[in-house]
Amino acid sequence: MPFFSVTKEMAIGTAVLGVAFATGVLAGKKYPFLAFGIPRSPKTLLGKGSPLWQYILDHSLREHPVLKKLRLLTLDHPWSGMMVSCDQAQLMANLAKLIKAKKAIEIGVFTGYNTLNMALVLPDDGKVVACDINEDYVSIGKPLWKEAGVEHKIDLRIKPAIQTLDELLADGEAGTYDFAFIDADKQSYNEYYEKCLRLIRKGGIIAIDNVLWHGKVLKPSKNDMETQSLHHLNEKIFQDVRVNISMLPMGDGVTLAFKL
């Protein structure tokens, strides 16, 4: 697509990510221990729990009190590792605000941390269609959605996400959503991506979580279908002319696809 046909918000967002990448490149040249701004020894520099990592959170994370309450509550859960990282959630919220998002889709809710995160930045008449199959996990966060005053913005669908996406398409909602976040069963990622791409408007954003999958994507095992699915989708999106992309090393890796 010619540059002049890209939306203003999308151009600004891509430029911001470009500046961040360029800064990483320059930092890597000046300081050999940084490669593209990414520490080669994350355990000693930017690993979670490191002083520098804590410094980043202390000087950048602006978390709503109820959102923080839900995060801390989720951290006590045995499967807390499924929760999106708080810095990544904040980036997605900022991008949603940047493009003036009103309608969002979330595939994979868990305790509802990112559902709440997105609902907080949408206008009062906005909507998050939240898809999950486990109501037990969601029940942890639902009271806090109400406490934060955004319960009315969340349309929770407890059923397979493919079914919900098909229902949205059948209802004529193609091209009407602004933002989608995919963080569910990995073998269905390609199908989620394709359906979300139909539902998202031009200039909208699809965020795809776990694209690095603990580093397994570097050498996917033939019998590891989850890793194979993620690797194939990463290769596909890299070549997809329907979107502009940025893959970021936040959390377990997140790809941002900006629909053209």
Side-chain angles (χ1 to χ4, degrees), residues 63-67 69-71 73-74 77 79 82-84 86 88-185 188-189 191-210 254 256-257 259:
E63 202 171 28
H64 187 283
V66 182
L67 193 60
K69 185 176 179 180
L70 180 52
R71 175 169 60 85
L73 187 63
T74 304
H77 193 279
W79 292 98
M82 295 199 306
M83 180 175 61
V84 64
C86 52
Q88 179 183 325
Q90 180 170 282
L91 173 62
M92 293 191 293
N94 285 335
L95 288 171
K97 285 191 288 186
L98 182 67
I99 64 171
K100 297 179 173 59
K102 186 173 180 179
K103 294 173 66 179
I105 300 169
E106 182 167 32
I107 301 173
V109 176
F110 188 37
T111 64
Y113 176 82
N114 193 60
T115 310
L116 174 57
N117 174 60
M118 296 303 292
L120 284 166
V121 300
L122 297 183
D124 195 58
D125 60 344
K127 176 176 71 171
V128 182
V129 176
C131 310
D132 210 296
I133 57 173
N134 191 318
E135 196 161 12
D136 290 339
Y137 294 157
V138 179
S139 65
I140 296 172
K142 283 180 73 175
L144 297 178
W145 297 350
K146 184 175 183 179
E147 182 179 334
V150 296
E151 186 180 34
H152 64 287
K153 301 183 192 178
I154 300 170
D155 179 4
L156 179 63
R157 311 275 185 104
I158 302 295
K159 63 179 74 174
I162 294 297
Q163 184 179 339
T164 295
L165 298 177
D166 283 338
E167 289 171 355
L168 297 178
L169 289 167
D171 289 341
E173 295 194 63
T176 67
Y177 285 81
D178 306 290
F179 196 99
F181 179 49
I182 300 173
D183 183 18
D185 55 304
S188 299
Y189 263 35
E191 195 168 3
Y192 294 149
Y193 172 69
E194 287 296 334
K195 292 183 185 297
C196 284
L197 201 57
R198 293 173 60 190
L199 287 161
I200 293 294
R201 63 168 172 86
K202 289 184 178 181
I205 302 171
I206 302 174
I208 305 158
D209 203 25
N210 302 119
V254 58
L256 301 173
K259 184 174 177 179

Discussion item. With side chain to side chain contact (heavy atoms under 4.5 Å, CB included) as the criterion, how do N94 and K97 come out once you've worked through the C-alpha distance, each side chain's angles and the decisive distance to 0.1 Å?
Written reply: CA-CA 5 Å; N94 285 335; K97 285 191 288 186; 3.5 Å; yes

Separation between [atom1] of [X] and [atom2] of [Y], rounded to the nearest 0.5 Å:
X    : Y    : atom1 : atom2 : answer
E106 : M118 : CD    : CE    : 8.0 Å
I140 : L70  : CD1   : CG    : 8.5 Å
R198 : L168 : CZ    : CG    : 11.0 Å
M83  : T111 : CE    : OG1   : 6.5 Å
L95  : I205 : CG    : CD1   : 4.5 Å
I206 : F181 : CD1   : CZ    : 12.5 Å

Worksheet item: Considering residues at least two apart in sequence or located in another chain, which fulfil the side chain to side chain donor-acceptor pair (under 3.5 Å) criterion with D125?
Response: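 For D125 the side chain to side chain donor-acceptor pair (under 3.5 Å) partners, ignoring immediate neighbours, are K102.
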
Practice prompt. Could I get the full list of side chain to side chain donor-acceptor pair (under 3.5 Å) partners for Q88, not counting sequence neighbours?
Written response: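 In terms of side chain to side chain donor-acceptor pair (under 3.5 Å), with neighbours along the sequence ignored, Q88 is linked to D209.
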
Worksheet entry | Listed once per pair and sorted, the ring pair (Phe, Tyr, Trp, His ring centres under 6.0 Å) pairs that draw on residues 157-179, sequence neighbours left out |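 Every candidate ring pair (Phe, Tyr, Trp, His ring centres under 6.0 Å) pair involving residues 157-179 fails, so no pair, neighbours aside, qualifies.
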
Fill in: Sequence neighbours excluded - ring pair (Phe, Tyr, Trp, His ring centres under 6.0 Å) pairs with any residue from residues 136-159
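Passing the test, one end in residues 136-159: H77-Y137, F110-Y137.
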
Worksheet item: Run the side chain to side chain contact (heavy atoms under 4.5 Å, CB included) check on I200 and D178 step by step: do they pass?
Response: CA-CA 6 Å; I200 293 294; D178 306 290; 5.9 Å; no

Nearest heavy-atom neighbours spanning [X] and [Y]:
X    : Y    : result
I99  : G204 : CD1-CA, 4.4 Å
D132 : G108 : OD2-C, 3.7 Å
L122 : A101 : CD2-O, 3.4 Å
C131 : V109 : O-CG2, 3.5 Å
R201 : K259 : O-CD, 3.5 Å

Discussion item. Is a donor from one side chain sitting under 3.5 angstrom from an acceptor on the other, for D136 and S139?
Written reply: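 There is no such pair (donor and acceptor under 3.5 Å, judged by atom type) between the side chains of D136 and S139.
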
Worksheet item: Are the side chain of N117 and the backbone of A89 linked by a donor-acceptor contact shorter than 3.5 Å?
Response: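 Side chain of N117 to backbone of A89, a donor-acceptor pair under 3.5 Å: yes, one is there.
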
Worksheet item: Just by modelled atom types, is the I154 backbone N or O under 3.5 Å from a matching donor or acceptor in the K127 side chain?
Response: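 A pair under 3.5 Å: no.
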
Should we say atom [atom1] of [X] is surrounded by more than 12 heavy atoms from elsewhere, each under 6.0 Å from it?
X    : atom1 : answer
I133 : CD1   : no
K159 : NZ    : yes
E135 : CD    : no

[Y] and [X], any side-chain heavy atoms less than 4.5 Å apart:
X    : Y    : result
V128 : D155 : no
I105 : T164 : no
Y192 : D183 : no

Item to complete: Before giving the answer on side chain to side chain contact (heavy atoms under 4.5 Å, CB included), spell out for I107 and L165 the whole-Å C-alpha distance, their side-chain angles and the decisive distance to 0.1 Å.
Response: CA-CA 9 Å; I107 301 173; L165 298 177; 3.8 Å; yes

Practice prompt. With sequence neighbours left out, write down each residue that passes salt bridge (charged side-chain N to carboxylate O under 4.0 Å, His left out) with K153, or none if nothing qualifies.
Written response: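 If we apply the salt bridge (charged side-chain N to carboxylate O under 4.0 Å, His left out) test to K153, skipping adjacent residues, there are no hits.
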
Worksheet entry | NZ/NE/NH1/NH2 to OD/OE distance under 4.0 Å, K142 and E151 |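 E151 and K142: not salt-bridged.
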
Fill in: Worked check of side chain to side chain contact (heavy atoms under 4.5 Å, CB included) between I182 and C196
CA-CA 9 Å; I182 300 173; C196 284; 4.3 Å; yes

Practice prompt. List in chain and number order the residues that pass side chain to side chain contact (heavy atoms under 4.5 Å, CB included) with T176, two or more places apart in sequence or in another chain; answer none if no residue qualifies.
Written response: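 In terms of side chain to side chain contact (heavy atoms under 4.5 Å, CB included), with neighbours along the sequence ignored, T176 is linked to K103, E173.
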
